[in-house]
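This report refers to the structure that appears directly beneath it.
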Amino acid sequence: MRLFAAVLPPVEAVAELGVTVDRLRKLPGSDGLRWTGRAGWHLTLAFMGEVDEGLLPELRVRLARAAGRTAPFPLRIRGGGHFGHRALWAGVAGGLDELRLLAERSDAAARRAGVAMTEHRRYLAHLTLARSRAETDLGPCLAELSGFEGTPWEVTELALIRSDPPVPGVPGAQPRYGTVDSWPLGRS
């Protein structure tokens, strides 16, 4: 299974950001972007890649412990940014120290459960909105996102998400995400 640990924004935060994304999709040049679906919006904490099902019991125990050791914290979607000229994302604000700590704990939990964590980068909290295969002028979208300030919510759980690739040969197909398990924060 292809897995990652994540924070899932609440329905209200997704809807709020969705209004802005609908405007972004109408901007010049945005038709060259592949937009992510609202149902898949998440904040990845630790990408695990392919994980053997035999590791799941220990992974669940360790992620539950990581969640239990982390108190709930406030977060909101705010502004945006880009990776090169090929990926557009929404940023977050609020309890960033707590979010980074939860990301570190999720990464450590996966490693201790025996997951080969090959991708290790400095954590940058973001919610991917669109990608492009070719370099794209993201300036208009970034200008529109710069003033976005979402309503705060409280992060109360850590989720383990399964990612299935898009259906091959289907134009516009998106990866499919499903929650494998989740754990409340602050209940050690």
Side-chain angles (χ1 to χ4, degrees), residues 1-21 36-81 89-129 145 148-164 175-188:
M1 280 187 267
R2 190 174 166 95
L3 300 174
F4 59 90
V7 164
L8 302 176
V11 172
E12 299 82 9
V14 168
E16 197 173 45
L17 179 60
V19 171
T20 297
V21 170
T36 59
R38 287 171 171 79
W41 285 352
H42 61 271
L43 299 162
T44 300
L45 299 173
F47 180 75
M48 298 169 205
E50 292 295 328
V51 176
D52 184 279
E53 261 188 81
L55 298 177
L56 273 179
E58 184 66 15
L59 180 59
R60 282 184 162 110
V61 166
R62 293 191 177 274
L63 286 172
R65 191 174 304 147
R69 292 177 49 215
T70 307
F73 56 92
L75 209 59
R76 69 185 180 281
I77 301 172
R78 178 178 170 209
W89 48 263
V92 293
L96 294 180
D97 290 340
E98 293 89 343
L99 186 64
R100 280 188 201 97
L101 180 60
L102 185 57
E104 289 169 9
R105 287 177 172 163
S106 298
D107 184 273
R111 288 176 193 282
R112 289 185 183 121
V115 177
M117 300 292 287
T118 55
E119 283 191 24
H120 190 74
R121 303 178 191 143
R122 185 178 73 79
Y123 183 69
L124 174 62
H126 68 282
L127 188 154
T128 302
L129 299 175
L145 271 175
F148 183 81
E149 188 78 34
T151 303
W153 82 88
E154 186 169 60
V155 176
T156 59
E157 72 177 20
L158 167 65
L160 179 62
I161 307 295
R162 178 181 179 150
S163 171
D164 293 313
R176 296 171 316 271
Y177 301 110
T179 302
V180 174
D181 212 338
S182 61
W183 302 272
L185 299 187
R187 294 193 187 161
S188 48

Hey, does [Y] have a side-chain heavy atom less than 4.5 Å from the side chain of [X]?
X	Y	value
Phe73	Asp97	no
Val155	Leu99	no
Leu3	Leu160	yes
Leu124	Trp89	yes
Phe148	Val19	no

Specify the closest pair of heavy atoms between [X] and [Y], including all atoms of both residues, with the distance to one decimal.
X	Y	result
Tyr177	Ile161	CB-CG2, 3.9 Å
Trp41	Val21	CH2-CG2, 3.7 Å
Ala103	Leu45	CB-O, 3.6 Å
Met117	Met48	SD-CG, 3.7 Å
Leu55	Gly114	CD1-O, 3.5 Å
Ala66	Ser106	CB-N, 4.5 Å

Task: Qualifying residues under salt bridge (Lys or Arg N to Asp or Glu O under 4.0 Å), relative to Arg112, sequence neighbours excluded - done: none

- [ ] Can you sort out the partners of Arg162 under salt bridge (Lys or Arg N to Asp or Glu O under 4.0 Å), two or more places apart, ordered by chain and number?
- [x] Asp164

- [ ] Mark yes or no for whether Arg60, through its side chain, and Asp181, through its backbone, hold a donor-acceptor pair below 3.5 Å.
- [x] no

Task: Separation of His126 NE2 from His42 NE2 (nearest 0.5 Å) - done: 7.5 Å

Open item on the list: Distance check, rounded to the nearest 0.5 Å: Arg105 atom CZ versus Leu63 atom CG?
Closed with: 12.5 Å

What pairs of donor and acceptor atoms, side-chain ones from residues 6-13 against any protein atom, are under 3.5 angstrom apart with sequence neighbours left out?
none

TODO: Could you list all the salt bridge (charged side-chain N to carboxylate O under 4.0 Å, His left out) pairs where at least one residue sits in residues 49-59, not counting sequence neighbours?
DONE: Glu58-Arg62

Task: For Ala67, all residues meeting side-chain contact (heavy atoms from CB on, under 4.5 Å), sequence neighbours excluded - done: Leu158, Trp183, Leu185

Task: Ala93: partners by side-chain contact (heavy atoms from CB on, under 4.5 Å), with sequence neighbours left out - done: Arg76, Arg78

- [ ] Output, in order, the C-alpha distance, side-chain angles, deciding distance and verdict of side chain to side chain contact (heavy atoms under 4.5 Å, CB included) for Thr151 and Glu16.
- [x] CA-CA 8 Å; Thr151 303; Glu16 197 173 45; 2.6 Å; yes

Open item on the list: For a side chain to side chain contact (heavy atoms under 4.5 Å, CB included) check, start with the C-alpha distance between Leu96 and Tyr123, then their side-chain angles and the critical distance, and finish with the verdict.
Closed with: CA-CA 10 Å; Leu96 294 180; Tyr123 183 69; over 6 Å; no

Open item on the list: Using 30° and 60° as the class boundaries, would you call the ring planes of Phe4 and Phe47 parallel, tilted or perpendicular?
Closed with: parallel

